[in-house]
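Each remark here refers to the structure printed beneath this line.
Residue numbering restarts at 1 for every chain, and letters A, B, ... go by the order of the sequence lines. Quick caveat, the model's predicted, so the values are computed rather than measured.
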Amino acid sequence: MSIQFWLLDINSEIRNGSPEVWLWGIDDTNRRVLLIDRSFLPYFYAVVSPSENPEQVLERIRDLGKEFPLIRDLELLDRKFFGKQVKVIKVTCTDPDSIVTYSKKLKRVPGVENCLEDSIRYIMRYLIDKEVRPCRWHQADVEEIEDISGIIADNIYVIRSALKYIERAELPAFRVLGFAMIEYSRTGTPKPEKDPIVILSASTNKGNGIQILADKDENAIMQGFISYVKENDPDVIVGYGTNQRDWPYLLTRARKLGLRLSLGRVNGEPHTSMYGHISITGRANVDLSDFSDELTSVKIRTLENVADALNVFRLKDRTIIEETDLAEYWEDSKKRIALKKYSLENLSSIMGLANPTMEYATELSALVGLPLDNIGVTAAGFRVEWVLIREAQHFGELVPEHREYPYFTYEGGMVLKPKPGVHENVAALDFKSMYPNIMISKNISPDTYLDPKEGDYQGAFTVTPEVGHRFRSEPPGFYKEVLTRLIRVRDDIREKLKTLSKDSVEYRLFDARQRAVKVITNATYGYAGWLGARWYVKPVAEATAAWGRYSIRSTIELADKLGLDVIYGDTDSIFVSHDSMKVGLLSKRVREQLGLEIKPDKIYIRILFTEAKKRYCGLFPDGHLDIVGLEVIRGDWAEVAKNVQEGVLGILLREQSPEKAVDYVQRYVSELLSRRVAFKDLIIWKTLAKPVGEYAVKAAHVEVAKMLMKQGWSFTLGDKIGYVVTVGRGKLYEKARPHSMVSYDEVDLDYYVENQILPAALRILEQFGVSKDSLTKPLQNREA
DNA sequence: GCGACGAACTTACCC
DNA sequence: ACGGGTAAGTTCGTCGCG
């Protein structure tokens with residue numbers, strides 16, 4: 001029989017001495033299925049030294065049979081390594097665990113230059129070789145087998161054919177289970193070794209929620225959660241911060257209570273897997289917080305802030321309880337009602353985030369080829385790398401091992417000095433995917449690079465401006481092939497989107513797909529210059545950036561010739577006066593002469609630059625401000641400073657009245673001085689970027705973190721520390737206090753005026769001839 | 001001993 | 001744990017100064 005299924009999770013087992021790939025999925029009749037593939041054996045490649053006779057080397061290995069009893073097959077093949085033809089022996093083994101040890105041993109056999117691809121794990125090898133993609137539909141001929149004990153599935157099959165990919169823009173009807181928990185510690189951060197979980201709220205996308213309290217007995221929570229998962233048999237389990245916090249906490253508590261957290265579709269506990277995510281066999285554990293860094297406008301990416309930004313649960317409707325107050329809310333029976341509500345609202349936010357996140361997560365998982373429960377925790381560089389590894393297979397290119405390289409920087413994009421002041425009618429022109437298109441048009445790739453050590457080259461090649469790197473023009477390189485395909489796929493999706501209704505499921509999925517493709521395409525240049533990359537070749541990144549500078553320089557020259565005033569530019573953009581005719585001519589010439597596309601991305605009625613690069617504010621025709629780089633959009637300035645700066649920008653760009661702006665600042669300052677601005681607007685948030693002991697100088701947020709740590713609070717890297725500056729003598733770091741420990745009358749308002757509001761306001765107002773004196777003098781009069 | 005100055009450290013941004 | 005380029009605040013050492 002034949003079935004169609006959507007691939008949810010993958011694991012491998014060794015049964016009866018043979019490896020098996022287990023594919024967990026949902027079929028097109030909405031049954032939970034397990035498909036077992038017994039047809040695939042792991043392998044690696046032994047690269048034959050160029051001076052050796054490949055057949056002889058193969059025989060030499062064959063003769064060592066006794067030392068390698070688990071080798072099943074040896075096959076001589078042609079492959080490329082960094083573009084060079086090589087002979088390899090594909091060494092197929094019967095046991096995935098033997099791959100690494102065998103490859104190490106084989107490296108010592110004479111005639112074997114190196115062994116490759118032994119680091120690609122069995123299930124990934126399977127997915128790549130069989131062209132199977134997680135989160136996509138596949139068809140297979142299967143044979144049903146009787147139950148294997150302990151497995152939760154509607155049907156279990158053995159696969160009898162190759163899997164066939166089915167293009168279907170549709171997600172199965174998942175059963176999604178979300179959960180949120182609250183732990184109790186009288187003071188400080190709860191520690192799983194001693195502090196119990198007191199509230200656990202869970203629900204499914206069918207809506208049957210539960211909330212379990214641990215009045216006397218935490219067992220109720222643990223047992224309740226385990227049976228809730230069993231009863232609902234979810235495909236996907238979501239939460240916020242579950243990989244870092246909830247799962248490790250649950251596992252430690254369970255161990256403490258002598259319980260087993262059997263939550264998988266086989267009898268197993270959640271366990272740590274590739275790249276450090278928590279895996280639950282047969283289900284997809286998805287931590288929604290792993291996808292929140294895409295929301296760069298949200299500066300403190302808490303669940304409530306992210307839910308607010310995505311319109312899932314508005315902050316104004318939320319019960320918010322500070323971490324420092326949780327214990328008190330649990331202890332007080334009246335306040336506990338609010339705590340229960342808070343937990344339910346966390347859960348509801350999680351359930352709301354699940355849908356939009358899953359659309360993107362499944363598309364990214366399918367594109368990259370990493371399992372759904374894995375993709376979120378996988379760093380951007382590795383996502384690109386897995387796309388490349390998959391493509392390398394088709395390209396006949398061997399996957400290099402990561403090596404250690406010395407760190408040297410190289411010159412990057414070019415940033416122009418802006419023309420300070422206000423400009424009217426400005427167009428910001430952008431190159432379309434500049435770096436990827438440069439890599440394509442110049443054939444810049446690890447396998448086309450001509451190392452100077454190799455001497456002269458007879459065929460056609462390009463020489464990179466400024467840095468002189470050479471790349472073969474033919475044949476098309478690995479990156480060129482991959483990037484061309486990615487760009488074409490994205491263009492096709494975007495065409496298709498035009499034909500779809502914006503609120504259809506299909507539209508949302510294809511939109512998520514094109515976003516995923518874009519992210520990967522744009523990250524390829526960064527990948528090329530990343531020391532951790534398997535395909536790290538510095539000249540690839542360096543040459544791409546050099547051609548980028550060349551392109552923007554040439555574009556500026558073309559603009560000059562057309563009489564277009566270039567006001568600013570950064571890497572792949574130039575800001576010019578908005579003259580449609582000339583802009584059209586410019587993009588025509590750029591296309592003809594540089595082979596790159598440039599087009600207006602944004603049109604401003606009016607735009608303000610200061611002397612600084614990377615900071616400006618434009619006014620769109622619809623009245624909105626486009627604020628870039630300035631304090632308004634930085635997360636490490638107090639809200640008061642950001643408010644004032646935004647107000648000033650609005651008045652200056654919309655009403656063009658410096659007088660009004662000055663007045664606005666002065667009014668705001670007097671509001672502040674009479675303590676009429678909200679206390680939370682005085683908190684300054686900064687990221688703890690390293691362990692507190694590793695800082696070379698004393699910094700306010702670090703000293704504040706230390707104070708909190710003395711009281712039992714603990715922090716992990718990346719946590720935001722919120723502090724308020726209080727009155728007193730000394731350095732800033734001596735006056736900063738945790739925001740939770742400061743009362744309004746202790747605040748050093750003068751600091752906020754002098755070091756927050758005035759600098760932020762003056763940065764803008766200076767462009768209009770307003771000095772600090774003219775801003776503050778009348779203020780003193782007003783006070784007097 | 002103390003203020004001016006600038007380098008170093010630090011964060012967060014742009015593309 | 002993808003790149004380099006940049007702004008900006010705070011700390012901290014150094015230098016000059018009877």
Considering only [options], which nucleotide approaches the side chain of [X] most closely?
X: A/Tyr407; options: C/dG4, B/dT11, C/dG5; answer: C/dG4
X: A/Asp570; options: C/dC2, B/dT11, B/dC14; answer: B/dC14
X: A/Lys686; options: C/dT10, C/dT11, B/dT11; answer: B/dT11
X: A/Lys720; options: B/dC14, C/dA1, B/dA12; answer: B/dA12
X: A/Tyr410; options: C/dT10, C/dA1, C/dG4; answer: C/dG4
X: A/Thr687; options: C/dG9, B/dC9, B/dA12; answer: B/dA12
X: A/Lys731; options: C/dT11, C/dG4, C/dA7; answer: C/dT11
X: A/Asp636; options: B/dA12, B/dC15, C/dC12; answer: B/dA12
X: A/Ala379; options: C/dC2, B/dT11, C/dG4; answer: C/dC2
X: A/Arg634; options: C/dG9, C/dC2, B/dT11; answer: B/dT11

What's the [atom1]-[atom2] distance between [X] and [N], to the nearest Å?
X: A/Arg534; N: C/dA1; atom1: CZ; atom2: P; answer: 18 Å
X: A/Arg615; N: B/dT11; atom1: CZ; atom2: C1'; answer: 12 Å
X: A/Glu631; N: B/dC14; atom1: CD; atom2: C1'; answer: 14 Å
X: A/Glu703; N: B/dT11; atom1: CD; atom2: P; answer: 13 Å
X: A/Tyr435; N: C/dC2; atom1: OH; atom2: P; answer: 18 Å
X: A/Ile684; N: C/dG9; atom1: CD1; atom2: C1'; answer: 11 Å
X: A/Lys642; N: B/dC13; atom1: NZ; atom2: P; answer: 8 Å
X: A/Asn522; N: C/dC2; atom1: CG; atom2: C1'; answer: 12 Å

- Is the distance from OP1 or OP2 of C/dT11 to the nearest side-chain N or O of A/Lys698 less than 4.0 Å?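 No, outside the criterion.
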
- Message: For a quick test of reading the model: is some side-chain N or O of A/Tyr733 closer than 4.0 Å to OP1 or OP2 of C/dC12?
- Response: yes

Counting any heavy atom closer than 4.0 Å, what does [X] reach on the DNA or RNA strands: base, sugar-phosphate only, or nothing?
X: A/Ala545; value: nothing
X: A/Gly526; value: base
X: A/Trp535; value: nothing
X: A/Tyr616; value: sugar-phosphate
X: A/Tyr751; value: sugar-phosphate
X: A/Ala696; value: sugar-phosphate
X: A/Leu531; value: nothing
X: A/Val628; value: sugar-phosphate
X: A/Lys690; value: sugar-phosphate
X: A/Gly635; value: sugar-phosphate
X: A/Asn755; value: sugar-phosphate

- How about A/Thr362 and A/Arg513: does a side-chain donor come under 3.5 Å of a side-chain acceptor?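 Note: A/Thr362 and A/Arg513 side chains miss the donor-acceptor criterion.
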
- Starting at the 5' end of DNA chain C and moving along, which residue's nearest nucleotide shows up first, A/Arg763 or A/Ala699? A/Arg763

- Task: Determine yes or no for a side-chain-to-main-chain donor-acceptor pair under 3.5 angstrom, with A/Thr464 supplying the side chain and A/Ala543 the backbone.
- Result: no

- For A/Gln514 and A/Arg490, indicate whether the former's side chain and the latter's backbone hold a donor-acceptor pair under 3.5 Å. no

Using 4.0 Å as the upper bound for N to carboxylate O, is an ion pair formed by [Y] and [X]?
X: A/Arg301; Y: A/Asp293; result: no
X: A/Glu597; Y: A/Lys432; result: no
X: A/Arg553; Y: A/Glu466; result: yes

- Minimum side-chain heavy-atom gap A/Leu416-A/Val566 below 4.5 Å: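 They are in contact (side-chain heavy atoms under 4.5 Å apart), so the answer is yes.
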
